[in-house]
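Take a look at the structure set out below.
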Amino acid sequence: MQPGCFPPPVVQMAQFQDVSKQSDLHPKPAGLVLQYGTAGFRTNAKLLDHIMFRMGLLATLRSKKTKATIGVMVTASHNPEEDNGVKLVDPMGEMVTLTWEGYATQLANAEQEDLLAALKDIIEKEAINMSQEADVFIGKDTRSSSASLSKAVLDGVSALGGHNKDYGLVTTPQLHYMVCCQNTQGKYGEATVEGYYKKFCQAFIQLTKNASNCTDDQKHLSVDGANGIGALKLRELESHLKKELHISLFNDGSTGKLNHQCGADFVKVQQNPPTGMKVNSGERCCSFDGDADRIVYYYTDSEGQFHLLDGDKIATLISTFLKELLTQAGLDLEIAVVQTAYANGSSTNYLEDTMKVILRCTKTGVKHLHHAAQEFDIGVYFEANGHGTVLFSKAAEEKVQQLAEDSSGERKRAALLLQNTINVINQTVGDAISDMLLIEAILAIKGMTIQQWDAIYEDLPNRQLKVKVSDRRVIDTADAERRAVSPTGLQEAIDGLVKKYGRARSFVRPSGTEDVVRVYAEADTQESADALAHEVSLAVYRLAGGVGGEPKPSH
Ligand code: NG1
Ligand code: ZN
């Protein structure tokens with residue numbers, strides 16, 4: 001058949017018969033409505049079988065449309081073990097587009113008898129050539145539900161005649177990496193788990209080989225694996241590090257429960273060390289989340305006080321390092337940092353006033369940050385929760401390479417460091433393992449302790465809370481989620497409360513992954529941040545249809 005031509009109806013019918021038959025084995029509970037949210041579908045695993053099957057169908061259509069390999073990752077990241085979720089990965093390893101998110105929701109919510117019509121609707125709207133080959137890569141996390149749910153995805157792919165490659169247990173960023181490698185014909189790296197370890201570890205070893213005054217003590221890092229897939233993968237990676245980094249792994253999944261009182265989200269939100277981990281005073285520690293796409297660092301001081309180094313501190317460390325290298329290399333490249341409203345006010349001030357980098361604020365969700373970061377030669381993006389990476393434009397990468405070849409002395413040294421920095425970063429998506437290697441390399445090269453890193457700026461005390469309301473969609477926001485435009489009176493109430501405290505800021509937004517409204521507050525003292533967060537929670541409860549008892553002061 002000619003490219004672009006529609007297949008004869010008989011081919012379509014045969015394909016759809018298979019879809020019909022298979023779909024009966026993955027029935028949708030009547031009336032269930034789910035939304036493709038901030039990070040795909042995410043809810044209790046028991047409600048997801050039909051979603052997985054249908055996402056297998058959709059990934060196959062997306063692959064036919066883009067004529068490229070598409071990824072499907074079965075994970076619910078930092079959510080509890082009982083939940084699960086699924087997200088699609090586009091050809092270059094990025095999140096699927098907004099239009100296709102819409103199709104995902106449409107397909108997920110079609111009642112059983114309407115599925116074929118919904119499918120045909122997408123095929124028609126996108127003018128998909130159904131005789132085009134399709135390839136789908138699939139990965140899953142360690143949840144007990146993930147095995148059968150990923151099997152349902154495979155059924156969806158084969159029902160539409162797509163080919164699949166099942167990577168089994170991988171981290172979310174590993175799957176993004178595989179998809180990108182495949183679609184760049186290996187230019188980004190080899191599309192295997194082994195290829196992933198080789199690429200990032202080699203770059204790490206190259207980066208650190210000249211960090212001559214790095215002692216064995218400084219090479220030690222304690223990692224909380226959140227009892228998830230990141231722990232398994234870190235064990236596999238260790239041998240590739242050639243003892244350049246000594247990892248003590250805790251919460252490796254052998255006994256503890258996934259994300260339960262551990263992992264990056266717990267540590268960030270509770271502002272406490274995870275359970276199940278030995279945190280020696282002054283020692284550098286980090287936590288991954290359940291699918292290893294987030295990382296936060298921390299230590300406790302001699303008085304037992306906990307110090308968190310979150311995504312904002314990570315973005316600051318990385319952008320400082322890159323800026324210094326650019327100066328040493330004499331390269332004139334534009335560097336920007338992208339944050340969300342959750343970024344600590346101190347980090348924003350530091351980046352803007354002291355570092356003088358270009359700063360952008362986007363809505364929550366990595367797809368927004370990723371897109372904003374793509375607009376610059378070098379875009380460093382991090383959510384405060386530790387999800388982030390660095391993007392280099394093609395032109396920037398070429399300039400670095402050219403300089404590494406043509407220059408000598410200090411400029412060459414800087415260019416080579418930049419080149420290896422590019423190679424140690426997983427540019428497809430935030431990646432706990434790759435971010436960890438980059439941070440460890442920077443600290444080693446700069447001979448910097450975690451305390452010195454922490455001292456770059458002092459965080460404003462802050463608090464994050466959740467409020468249950470009957471319908472969180474009543475809250476509408478503007479200005480990168482920093483202002484609530486509905487319900488009426490809510491923003492005015494928040495403004496009034498914020499005025500009571502020093503250096504205060506607060507905002508609310510409906511979560512895209514949980515049925516809650518999130519409240520964020522920061523102020524000059526922890527007491528003030530806690531009080532403000534509580535008062536704003538009460539305003540949400542009263543003005544946005546709170547359910548259950550009124551929020552109580554938590555601290
Ligand atoms: P929601 O539930 O929309 O706040 C959370 C995180 C996001 C992002 C997604 C996906 C916060 C405040 N929100 O989204 O940043 O990481 O999960 O995992 O951390
Ligand atoms: Zn995650």
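For reference, positions follow the sequence shown, starting with 1. Each ligand, and each atom within it, is numbered from 1 in the order the structure gives.
For the residue pair Y342/E383, the side-chain donor-acceptor check at 3.5 Å is not satisfied. A donor and an acceptor atom, one from each side chain of Q427 and T389, are nowhere located under 3.5 Å apart. With hydrogens and angles left out, the side-chain atoms of D454 and Y297 include no donor and acceptor closer than 3.5 Å.
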Verdict with reasoning, K87 to D293, per salt bridge (charged side-chain N to carboxylate O under 4.0 Å, His left out): CA-CA 13 Å; K87 50 188 166 191; D293 60 1; 3.7 Å; yes

Take Q339 and S347 through the test side-chain hydrogen bond (donor to acceptor under 3.5 Å, both in side chains) and record every step on the way to the result. CA-CA 10 Å; Q339 305 185 311; S347 75; 3.1 Å; yes

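We find that R143 and D83 are not joined by a salt bridge, their nearest charged nitrogen and carboxylate oxygen being 4.0 Å or further apart.
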Polar pairs, ligand 1 vs protein, N/O only, below 3.5 Å.
{"from": "ligand 1", "atom 1": "2 (O)", "to": "S511", "atom 2": "OG", "distance (Å)": "2.5"}
{"from": "ligand 1", "atom 1": "2 (O)", "to": "T513", "atom 2": "N", "distance (Å)": "3.3"}
{"from": "ligand 1", "atom 1": "2 (O)", "to": "T513", "atom 2": "OG1", "distance (Å)": "2.5"}
{"from": "ligand 1", "atom 1": "2 (O)", "to": "R518", "atom 2": "NE", "distance (Å)": "3.4"}
{"from": "ligand 1", "atom 1": "2 (O)", "to": "R518", "atom 2": "NH2", "distance (Å)": "2.7"}
{"from": "ligand 1", "atom 1": "3 (O)", "to": "T38", "atom 2": "OG1", "distance (Å)": "3.0"}
{"from": "ligand 1", "atom 1": "3 (O)", "to": "R509", "atom 2": "NH2", "distance (Å)": "2.8"}
{"from": "ligand 1", "atom 1": "3 (O)", "to": "G512", "atom 2": "N", "distance (Å)": "2.6"}
{"from": "ligand 1", "atom 1": "4 (O)", "to": "R509", "atom 2": "NH1", "distance (Å)": "2.8"}
{"from": "ligand 1", "atom 1": "4 (O)", "to": "R518", "atom 2": "NE", "distance (Å)": "2.6"}
{"from": "ligand 1", "atom 1": "15 (O)", "to": "E383", "atom 2": "OE1", "distance (Å)": "2.8"}
{"from": "ligand 1", "atom 1": "15 (O)", "to": "E383", "atom 2": "OE2", "distance (Å)": "2.8"}
{"from": "ligand 1", "atom 1": "15 (O)", "to": "N385", "atom 2": "ND2", "distance (Å)": "2.9"}
{"from": "ligand 1", "atom 1": "16 (O)", "to": "R294", "atom 2": "NH2", "distance (Å)": "3.1"}
{"from": "ligand 1", "atom 1": "16 (O)", "to": "E383", "atom 2": "OE1", "distance (Å)": "2.9"}
{"from": "ligand 1", "atom 1": "16 (O)", "to": "N385", "atom 2": "ND2", "distance (Å)": "3.4"}
{"from": "ligand 1", "atom 1": "19 (O)", "to": "N385", "atom 2": "ND2", "distance (Å)": "2.8"}

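When ring centroids are compared, H370 and Y381 come within the 6.0 Å threshold.
Y167 places none of its side-chain heavy atoms less than 4.5 Å from the side chain of I138.
For the side-chain hydrogen bond (donor to acceptor under 3.5 Å, both in side chains) criterion with R294, the lone passing option out of D265, D435, D431 is D265.
Around the Zn ion (ligand 2), the protein N, O or S atoms found under 2.8 Å comprise S77 OG, D289 OD2, D291 OD1, D293 OD1.
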